[in-house]
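Each remark here refers to the structure printed beneath this line.
Model, not experiment: these values are computed from the prediction. These numbers come from the heavy atoms of this one structure, side chains and all, not from hydrogens, waters or symmetry mates.
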Amino acid sequence: MNRTFVFRRHGIFGRWQQAECRGRRKEATTTYTNGDALDFGASTEGTGTVKTTTSSAPLDRNPTMNKIKLQTQQLAFQHPVTRNFDTQSHSPVHEALLRSGPRLRNLQQVHAHIIVSGLHRSRSLLTKLISLVCTAGSITYARRLFPTVPNPDSFLFDSLLKVTSKFGFSIDTVLFYRRMLFSGAPQSNYTFTSVIKACADLSALRLGKEIHSHVMVCGYGSDMYVQAALIALYAKASDMKVAKKVFDAMPQRTIIAWNSLISGYDQNGLPQESIGLFHLMMESGFQPDSATIVSLLSSCSQLGALDFGCWLHDYADGNGFDLNVVLGTSLINMYTRCGNVSKAREVFDSMKERNVVTWTAMISGYGMHGYVLSACAHSGLIDDGRRVFSSMKEAYGLVPGVEHNVCMVDMFGRAGLLNDAYQFIKKFIPKEPGPAVWTSMLGACRMHRNFDLGVKVAEHVLSVEPENPGHYVMLSNIYALAGRMDRVEMVRNMMTRRRLKKQVGYSTIEINRKTYLFSMGDKSHPQTNTIYRYLDELMCRCSESGYVPAPESLMHDLEEEERDYALRYHSEKLALAFGLLKTNQGETIRIVKNLRICEDCHSAIKHISIIADREIIVRDKFRFHHFKDGSCSCLDYW
DNA sequence: ATAGGGTTAG
């Protein structure tokens with residue numbers, strides 16, 4: 001049977017995408033012949049897709065090997081062969097190997113040199129060659145070289161596992177490990193760090209657990225390197241409980257183990273836990289390094305915790321951490337996502353090296369703050385948008401994904417070009433557009449009060465995703481705006497019947513590096529009375545200056561909070577009142593909301609920015625709102 | 001004969 005397995009790693013943290021960035025696009029997809037099953041008798045698991053196609057393995061026609069044969073002949077012709085079996089580091093072949101570095105062209109020549117020198121059975125030279133070839137990005141070359149090595153030993157396997165896992169050829173790591181088991185070469189603690197890392201990159205939990213049992217059997221259960229790798233494995237496979245268990249069982253912890261766990265919490269959407277663990281780490285006498293800082297910056301981004309983020313920036317500066325691409329990009333993300341674009345730009349300008357991630361962070365930062373999209377209502381920019389979209393495919397050969405389609409519909413929708421949005425869906429999205437696209441369309445209908453189209457779209461979305469409470473809320477809002485209260489009631493009943501609950505809305509505000517959380521009608525804060533009294537006072541003054549509360553029909557606005565509560569105790573208003581009380585005149589107020597800001601709050605905060613004479617920045621689920629002197633940076637498009 | 005590990009950005 002000629003079956004070939006094609007594995008394609010995807011997901012944002014995928015190593016193979018990184019390989020593409022480094023210009024190793026060719027290797028982003030690798031093929032495996034069917035002799036190499038992935039498992040050890042049990043089935044495998046992973047987030048990647050493993051699909052089977054039928055084709056013959058073209059290994060014999062490998063052009064690289066042909067080239068080598070040719071070069072070997074040429075070399076033999078040009079130079080008289082001097083046989084030298086000396087494999088010390090001074091041998092000319094070995095020297096050449098070290099000199100060539102991870103460059104494929106040079107390595108091919110050295111390979112030829114090895115063969116003509118009769119050293120093709122030297123395990124040490126071949127081990128080094130395979131490692132370098134793999135570092136140069138050619139896994140196919142490495143796979144071809146491996147069978148030519150006589151009696152592969154543990155050292156060879158360890159090197160292979162290390163280099164393949166390091167450069168993202170995770171499946172090869174697993175396959176070579178399997179061969180290692182069959183060959184009888186004993187595993188070392190080095191073996192396991194590489195294999196576990198490969199499993200982590202594949203998010204292969206079951207396979208990882210199997211390896212974990214091998215670790216225990218071989219007696220490396222308390223090796224700190226292996227343990228750190230295991231923590232990262234469980235963290236990447238979203239099993240934080242086991243990750244913590246491994247961590248707790250460590251006889252002596254290392255900064256790497258701390259970092260693994262901290263980043264694990266962060267990447268599993270638990271930024272509070274990640275920061276809490278950091279404090280614990282400091283108390284245990286460990287100093288954060290740049291990896292710690294980077295993970296914590298990401299946690300700050302999630303929380304919108306600017307003060308803590310600034311503290312981390314100062315820490316990195318004060319301890320002479322190098323502002324490399326990773327740290328710089330993390331800082332840019334932290335600053336934009338915590339509401340300070342100009343600081344982000346400062347970091348961006350001071351960076352020595354920038355890559356596509358860095359640029360994307362800066363550009364999307366501007367986008368979130370409305371420096372790009374707020375002007376979308378002008379048709380000139382709509383044309384720009386169209387041009388950019390078509391250039392994606394034509395100039396860059398990129399296939400538009402769901403996110404790009406959503407952006408286009410969103411752009412048309414904001415500008416009120418509902419027809420264009422609809423036409424775009426019909427024309428550019430071949431199959432069923434998917435719920436995200438329709439949701440965007442639905443939002444546009446609501447924003448521009450197009451009831452007929454809105455109802456039609458909502459009903460369609462409901463049929464596609466009957467489990468998503470957001471759609472019901474949106475539909476009921478559209479009915480409410482149209483004054484069809486009977487229909488509103490009907491939709492609400494439908495939700496109750498299907499036992500669907502709306503997402504709970506909350507807002508956070510950071511004061512003196514501490515984050516405070518408010519939910520609607522929240523009375524848990526010790527200073528609740530003061531906060532409510534101050535908020536009442538603020539709202540009165542708003543009304544005096546012309547603020548009109550949103551009509552009753554809007555009380556259950558968007559997908560958030562209970563309508564039974566008065567609008568004035570929405571979480572963002574509570575957080576704002578608290579913030580005004582706790583900060584000094586002239587300080588900017590920053591609030592983060594987990595859902596979209598409601599229309600009533602949006603208009604109230606515009607008034608409050610005048611009354612309290614403050615700049616107020618609210619980050620909602622999608623973008624930033626900068627309130628100043630009675631207007632908002634989103635120009636009421638949101 | 002042979003070096004060496006685990007953690008970090010969207």
Any idea which of B:dG6, B:dA1, B:dT7 is nearest the A:S124 side chain? B:dA1
Please determine whether a side-chain nitrogen of the Lys or Arg among A:D384 and A:R387 lies less than 4.0 Å from a carboxylate oxygen of the Asp or Glu. yes
In whole Å, I'd like the distance from the CD atom of A:Q302 to the P atom of B:dA9. 12 Å
Gap between atoms CZ and P, on A:R123 and B:dA1 respectively (whole Å): 11 Å
Within 45° cone and under 6.0 Å: A:R253 NZ/CZ vs A:F247 ring: yes
Looking only at the side chain of A:S260 (C-beta and beyond, no hydrogens), which of the listed nucleotides B:dG4, B:dG5, B:dT7 gets closest? B:dT7
Looking only at B:dT8, B:dT7, B:dT2, the nucleotide nearest the A:A232 side chain is B:dT7
Side-chain N or O of A:K166 closer than 4.0 Å to phosphate OP1/OP2 of B:dT7: no
Between C1' of B:dT8 and CD1 of A:I293, the distance in whole Å: 11 Å
Which whole-number value in Å describes the distance from A:D266 CG to B:dG10 P? 8 Å
Atom CG of A:N189 and atom P of B:dA3: how far apart are they, to the nearest Å? 17 Å
Angle class for the A:H626/A:F624 ring planes (parallel below 30°, perpendicular above 60°, tilted otherwise)? tilted
Nearest to the side chain of A:M224, which nucleotide is it out of B:dT7, B:dG6, B:dA3? B:dG6
Can you find a donor-acceptor N/O pair under 3.5 angstrom joining the side chain of A:N355 to the base of B:dA9? yes
Is the phosphate of B:dT8 approached by A:S263 (side-chain N or O, under 4.0 Å from OP1 or OP2)? yes
Examine B:dA9: is either OP1 or OP2 under 4.0 Å from a nitrogen or oxygen in the side chain of A:Q267? Give yes or no. yes
Applying a 4.0 Å non-hydrogen cut-off, can you work out what A:S330 is touching in the nucleic acid: base, sugar-phosphate, or nothing? sugar-phosphate
Please classify the nucleic acid contact of A:T127 as base, sugar-phosphate, or nothing, using heavy-atom distances under 4.0 Å. nothing
Check whether the aromatic ring of A:Y225 stacks on the base of B:dG6, taking stacking as ring centres less than 5.5 Å apart and planes within 30° of each other. no
A:A361 near the nucleic acid: base, sugar-phosphate alone, or nothing, with a heavy-atom cut-off under 4.0 Å? nothing
When you get a sec, tell me which of B:dA9, B:dG5, B:dG6 is the closest nucleotide to the side chain of A:I256? B:dG6
Rounded to whole Å, please give me the gap between NE2 in A:H212 and C1' in B:dG6. 14 Å
Less than 4.0 Å between a side-chain N and a carboxylate O, is that true for A:R345 and A:D349? yes
Salt bridge A:R179-A:D172, side-chain N to carboxylate O under 4.0 Å: no
Of the nucleotides B:dG6, B:dG5, B:dA3, which one has an atom closest to the side chain of A:F155? B:dA3
Here's one to test your reading of the geometry: is the NZ or CZ of A:R354 within 45 degrees of the ring axis of A:F348 and under 6.0 Å from its centre? yes
Quick one: A:R354 CZ to B:dG10 P, roughly how many Å, whole number? 19 Å
Quiz item: A:T254 side-chain donor-acceptor pair to B:dG6 base, under 3.5 Å: yes
Rounded to whole Å, please give me the gap between OH in A:Y190 and C1' in B:dA3. 8 Å
